[in-house]
Visitor: 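Structure incoming, see below.
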Amino acid sequence: MTNPSLAHVPIVTEDLKIASDTAGIELSIRNKRPAAMDTFSSEKTIVMVHGATYPIGSLYDVELDGYSFLDYLASHGYEVYAVDVRGYGGSTRPPEMEQPAERNPPLVDTETGVRDFSTAVDYVLNRRGLKKVNIFGMSWGGTVAGAYTSRNNDKVNKLTLVAPQWLSTKPVPIDTGGPLGSYRLVAVGTTKERWLSAAPEGKRDGLIPDGWFEKWVEATLASDPKAKAAHPGHIRAANGPILDIREYWTAGIAFYEPGNITVPVLLVHAEWDIDVPLELAQSFFTSLTGAVYRRWVEIGEGTHMVLLEKNRLQAFQAIQVFLDEEYSPAL
C-alpha cells in the first residue's frame, strides 16, 4: 500500500558533483527536498552515507511502492543529501578500479570514507549557511558516520545509525575470506537467496514484496555501468571496508570510540540481522556513554536490508520521529 502521507508533496531532485580532497576524484551527492522549501535549518537537513557494498541510489533511492527512503524524508519536510564516497555509485572510481582487482591492494578504507563524508558535510554546511546537520549511516556507513561524529560533534545535530559495525568475536558474513584485491565483484541478481536466508524458513515469503527485488537489482546494476558492460550482472565494491573488518572489528580493535559521541543517537536494528547480530547491536548501544540521550528501535521481521523490505516504513517512521522531536543542547 502506498503511504498516503506522501501524496501531493512535490520534490526537487538535484544530482551534484563536488571536488574531493584528492585531485581527479569527484564525489556524487543526490539532494532531495520539498519543492516549497525556501528556508533551511540544521534540524531539517540530513547528510547520509551508504554501506560497504551498495551505493546511495541502491540503498536509499529505489522507488518501491511509489516512493524511496529519500522521497519519504523529503516529503516530511527534510532536505536530504546522500553522498557516494569514491569508488561507489556516481562518484569517481580510483584508477586502480579500472585494472584487474588482484593487481592492487584494497581500496577506499574507512578513513577514506570519513574524509569523503567530511568533505560532503562541509559542502552542505557552506551551501546552506548552517552550523550543524543531522547525520545518517547504515552498516559500514554507520562506522563512517559514527567516526565522523565522534570527531565533529560541533557539526552534528543528531546521529541516526542503522545496524552499524561493531566488535565481533565471530566471522563477519561480508568477509568471505581469502586474499583481498582492490575491489570485489558482486553478483547482484543472485543475492536474494542470501538476503532471505537471514529470516526463518517459514517467514521468507513476503519479506521482500513482489517486484521489489527486481527493481532493486535494476537500480543497483545501473550504478556501475562499466562493470555492467565488462561483467554483466555485477557491480564493483571496494575492499577497503573488508580489510578494516580484519584489522579492526574482528581483531578486537574499535575504529573509533562511540563514547566520544555527545549528540543524541538513534540506533535502528532488525530482528534477523546476521551481519550485525543482536548482541553486537547491544554492545554498541551500551558503549554510547557520552550521548546526551540515546534510543534503540528494534524492527521485528527484518534483516540487515530492512530499509528495502516489507517493514521498511516502521524504520522510516522511527527515524522521522527521532528527527522531528525538539532537542535543546542545553538539556
Side-chain angles (χ1 to χ4, degrees), residues 1-7 9-16 28-34 37 44-85 88-90 117 120 124 133-142 144-145 158-164 195 207-209 211-220 222-223 266-270 273 275-276 297 299 301-324:
M1 182 182 297
T2 301
N3 185 356
S5 66
L6 299 189
V9 181
I11 294 171
V12 172
T13 301
E14 286 189 82
D15 285 315
L16 309 165
S28 176
I29 302 177
R30 177 156 296 174
N31 171 219
K32 287 197 172 187
R33 62 185 184 274
M37 179 177 276
K44 288 293 185 178
T45 305
I46 310 170
V47 185
M48 308 171 69
V49 64
H50 53 82
T53 305
Y54 304 111
I56 57 102
S58 174
L59 288 176
Y60 307 142
D61 207 28
V62 180
E63 185 180 296
L64 304 173
D65 203 18
Y67 64 98
S68 71
F69 183 31
L70 297 189
D71 294 332
Y72 178 92
L73 293 169
S75 71
H76 285 86
Y78 287 89
E79 180 172 43
V80 189
Y81 293 86
V83 59
D84 283 319
V85 303
Y88 291 84
F117 188 64
V124 173
V133 292
N134 297 300
I135 298 297
F136 177 96
M138 170 190 165
S139 195
W140 176 71
V144 171
K158 294 178 181 177
L159 172 64
T160 302
L161 303 173
V162 175
W195 184 339
L207 181 64
I208 308 172
W212 286 22
F213 181 76
E214 292 73 19
K215 276 196 169 186
W216 174 79
V217 168
E218 182 181 0
T220 303
S223 73
L266 171 66
L267 172 63
V268 177
H269 184 263
D273 192 331
D275 295 85
V276 181
V297 172
I299 307 296
E301 298 197 1
T303 76
H304 195 63
M305 301 287 276
V306 66
L307 298 182
L308 293 159
E309 297 171 352
K310 66 174 184 177
N311 287 329
R312 66 181 187 139
L313 192 56
Q314 292 183 34
F316 296 178
Q317 290 171 338
I319 293 162
Q320 179 201 343
V321 166
F322 172 69
L323 294 175
D324 280 352

Visitor: Using the rule given for salt bridge (Lys or Arg N to Asp or Glu O under 4.0 Å), can you reason through E79 versus K44, listing the C-alpha separation, both sets of side-chain angles and the distance that settles it, and then say yes or no?
Guide: CA-CA 6 Å; E79 180 172 43; K44 288 293 185 178; over 6 Å; no
Visitor: For a quick test of reading the model, state the closest non-hydrogen atom pair linking I29 to A120 and the distance between them.
Guide: CD1-CB, 4.0 Å
Visitor: Just how far is it from atom CG of D15 to atom NZ of K32, taken to the nearest 0.5 Å?
Guide: 9.0 Å
Visitor: Any chance you could measure L323, atom CG, to N134, atom CG, to the nearest 0.5 Å?
Guide: 5.0 Å
Visitor: Ignoring hydrogens and geometry, is there a side-chain-to-backbone donor-acceptor pair from Y88 to A52 under 3.5 Å?
Guide: yes
Visitor: Taking the six-membered ring for Trp, are Y81 and F136 closer than 6.0 Å centroid to centroid?
Guide: no
Visitor: Would you find a donor on one side and an acceptor on the other, under 3.5 Å apart, between the side chain of N311 and the backbone of V306?
Guide: no
Visitor: For the residue pair D84 and I56, what are the closest heavy atoms and their distance?
Guide: OD1-N, 2.9 Å
Visitor: Got more than 12 heavy atoms from elsewhere within 6.0 Å of CD, E214?
Guide: yes
Visitor: On the 0 to 90° scale, with breaks at 30° and 60°, tag the W140-H50 ring pair as parallel, tilted or perpendicular.
Guide: tilted
Visitor: Where do D61 and S68 land on the side chain to side chain donor-acceptor pair (under 3.5 Å) test, with the steps shown first?
Guide: CA-CA 5 Å; D61 207 28; S68 71; 2.6 Å; yes
Visitor: Got a donor-acceptor contact below 3.5 angstrom from the S58 side chain to the Y54 backbone?
Guide: no
Visitor: Would you kindly check if the NZ (Lys) or CZ (Arg) of R312 is within the cone defined by 45 degrees around the ring axis of Y60 and under 6.0 Å from the six-membered ring centre?
Guide: no
Visitor: Output yes when a side-chain donor or acceptor of S139 lies under 3.5 Å from a complementary backbone atom of G141, and no otherwise.
Guide: no
Visitor: List the atom of L267, the atom of P164, and the distance in Å for their closest heavy-atom pair.
Guide: CD1-CD, 3.3 Å
Visitor: Is it true that R33 and E14 have a side-chain N and a carboxylate O under 4.0 angstrom from each other?
Guide: yes
Visitor: Can a salt bridge be assigned to the pair D324 and K158 using a cut-off of 4.0 Å between side-chain N and carboxylate O?
Guide: no
Visitor: Using the rule given for side chain to side chain donor-acceptor pair (under 3.5 Å), can you reason through W195 versus E309, listing the C-alpha separation, both sets of side-chain angles and the distance that settles it, and then say yes or no?
Guide: CA-CA 10 Å; W195 184 339; E309 297 171 352; 2.6 Å; yes
Visitor: Between Q320 and Y72, does a side chain to side chain donor-acceptor pair (under 3.5 Å) hold up when you go through it step by step?
Guide: CA-CA 9 Å; Q320 179 201 343; Y72 178 92; 2.4 Å; yes
Visitor: Any idea which heavy atoms bring A145 and L161 closest together, and the distance?
Guide: CB-CD2, 4.0 Å
Visitor: Could you go through M305 and M138, starting from their C-alpha distance and side-chain angles, then the distance that decides it, and tell me whether this counts as side-chain contact (heavy atoms from CB on, under 4.5 Å)?
Guide: CA-CA 9 Å; M305 301 287 276; M138 170 190 165; 4.1 Å; yes
